[in-house]
Amino acid sequence: MRFSVSKKSRAVAKADAGRERRRRRRRKKMRETVKLISMEGFEFVIDREAAMVSQTIRSMLTSPGGFSESKEGVVTFPDISTTILEKICQYFYWSIQYSRGKETEFHIEPELTLELMMAANYLHT
Amino acid sequence: MLLERLSKKPPSLVDLCVRLAIDNVRYIGYVGGVDFQLLEKILQHCTLEQLMHIEDSTQDTDLSPVTNELWKRFYEKQYGAKNLSFVMEKMERSKVSFKWRELYEAKLKVVEEDEKEAVDRLKQRYKNEDARKQSRQTKLCAKTPPMKKPFWGNSGTSYNLSNVKSNIMKKAKLDVLKSQEVKNLTAIKRNTIQKSFSSPSKRTGLSANLPSTSRSNSCGEQVKNLNAVKRNTTQKPFSISAPKRTGLSSTAPSTSRSGEGNLPPKRINSFLGTAPSTSRSNSYGEGNLPPKRINSLTGSAPPTSRSNFGEGKLPPKRNSLPGVAPSTSRNTATKRKHCIVCMRASSFELLLLEDK
């Protein structure tokens, strides 16, 4: 598991106070969605509930320690390509649907199989 | 969220992916970077060729921790558990361990080589058998071997080995030439040569000789007789002599019938003289003599008679007897044929006699 403990949090330290105020105002909203960023820089904004399907993301977002991920609700995945990340997000939503009773089939393109498997393994999903 | 009932836990993405990978294992190539535990799950379902392909496509990663066990299983399946245990013991003893894939490939090579050898041996056997059969077959030959030289003065026992260079081949050729079949063939050849070499004047003498000799002698003696004939024909000049036994002319037909070959033609000639009949009767009882007597006859025979009586007809007369043809021709028909033919001719002659 990798947390991007980075310059970001340090750089933001100064402006943190300001942001915190803004965040409190947008907390509800912030709490509801999470941003996942792929290696190409694509940003996927998904529900927090959906993101929590992945154990890795869940621990990232809920860990105590003041990591930027938990604060910002943004997680970057420099190892995961856009197509795969997209598929993963789709899986999140399918998983919630499935658990709510709508049992359909989750189709995966064969070309993505191995990569998706590797990413899913990393994300503990 | 607490109120939500999680009726069924959805399958994890990892599981889904693994299932899909197993279904499409034949399309898998490069697997570098994949977790070994996952890889193990997937590769268990692939065949030998597929495993080989995956390993070869993933050159940058050593998959042995995963694949070694798999190769061991393949080895056992192919070559038996006994062999497996044997190989393992060997490795333990020599404290060397090889990758099972390498062992498998080495074993495969050995087996292939053995098979190839066996196939080659079988092929060779078939070839040998074929060659043996071919050598036994009689083959048609378009042309006769060339005559080196005339066999004059040839005792019949010297063989031409000038072509043969190696000693072994000389011996082999000698054996062949000494065999009965070849002797017969050479004898026949000599007959034809004799006939071709003999002059027209000598023809009757020779022709007369041949049938009588054949009749009186066995095949093996032909050569001797022919030689005698040759000697006689070459050495003795023509002589006109009246036959000593004259009373036998009445018996001529019987003697001729008894089987002389070409004498009938002589008889025709002898109507002008009785010589042939007498000679015939004599030859019936004698072996080698006939040649000589006939030679004496030749003096009185067609050539001389022809010249004396100016009968150009004689040769044609001879030819008119169909049975006589063989004597004058270069035909290498057997002597027996001559005899039969001459017998027929003799009967025809009888008719002629009667007519006259």
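Keep in mind it's a predicted model, so treat the numbers as computed, not measured. In what follows, chains are A, B, ... by sequence order, proteins preceding strands, each numbered from 1. Excluded from the calculations below are hydrogen atoms, water molecules and symmetry mates; all remaining heavy atoms, backbone and side chain alike, are included.
- Contacts of B:Tyr30 with chain A are made by backbone atoms alone, with heavy-atom separations under 4.5 Å and no side-chain atom involved.
- Between atom CG of residue A:Leu116 and atom CG of residue B:Leu13 there is a gap of 4.5 Å, rounded to the nearest 0.5 Å.
- For B:Phe36, the CZ atom counts as densely surrounded, since its 6.0 Å shell holds more than 12 non-hydrogen atoms of other residues, nucleotides or ligands.
- Heavy atoms of other residues, nucleotides or ligands lying less than 6.0 angstrom from CD of A:Glu105 number 12 at most.
- Note on A:Leu123, A:Leu112, A:Ile108: by heavy-atom pairs under 4.5 Å with chain B, the leading option is A:Ile108.
- Taking OG1 of A:Thr113 as the start and CZ of B:Arg19 as the end, the distance is 13.5 Å to the nearest 0.5 Å.
- Of the inter-residue distances, the one linking A:Asn121 atom CG with B:Asp15 atom CG reads 10.0 Å to the nearest 0.5 angstrom.
- Side-chain contact between B:Leu16 and A:Trp94: present, with at least one pair of heavy atoms (C-beta onward) separated by less than 4.5 Å.
- Contact of B:Leu20 with chain A is made through backbone and side chain together, with heavy-atom distances under 4.5 Å.
- For the side chain to side chain contact (heavy atoms under 4.5 Å, CB included) test with B:Cys17, the passing option among A:Met118, A:Glu115, A:Met117 is A:Met117; the others fail.
- Under the 3.5 Å distance criterion, the side-chain polar atoms of A:Tyr98 are left unmatched by any main-chain donor or acceptor of B:Pro10.
- Remark: B:Glu69 CD is loosely packed, at most 12 non-hydrogen atoms of other residues, nucleotides or ligands lying under 6.0 Å away.
- Residues of residues 110-137 of chain B lying within less than 4.5 angstrom of chain A, judged on heavy atoms, are absent.
- Of the listed residues (B:Asp35, B:Val34, B:Asn24, B:Ile42), the greatest number of heavy-atom pairs within a distance under 4.5 Å of chain A belongs to B:Val34.
- More than 12 heavy atoms of other residues, nucleotides or ligands shown are found within 6.0 angstrom of OH on A:Tyr93.
- Using non-hydrogen atoms only and a strict 4.5 Å limit, no part of residues 60-68 of chain B faces chain A.
- Shown here is B:Gln37, whose CD atom has no more than 12 heavy atoms of other residues, nucleotides or ligands within 6.0 Å.
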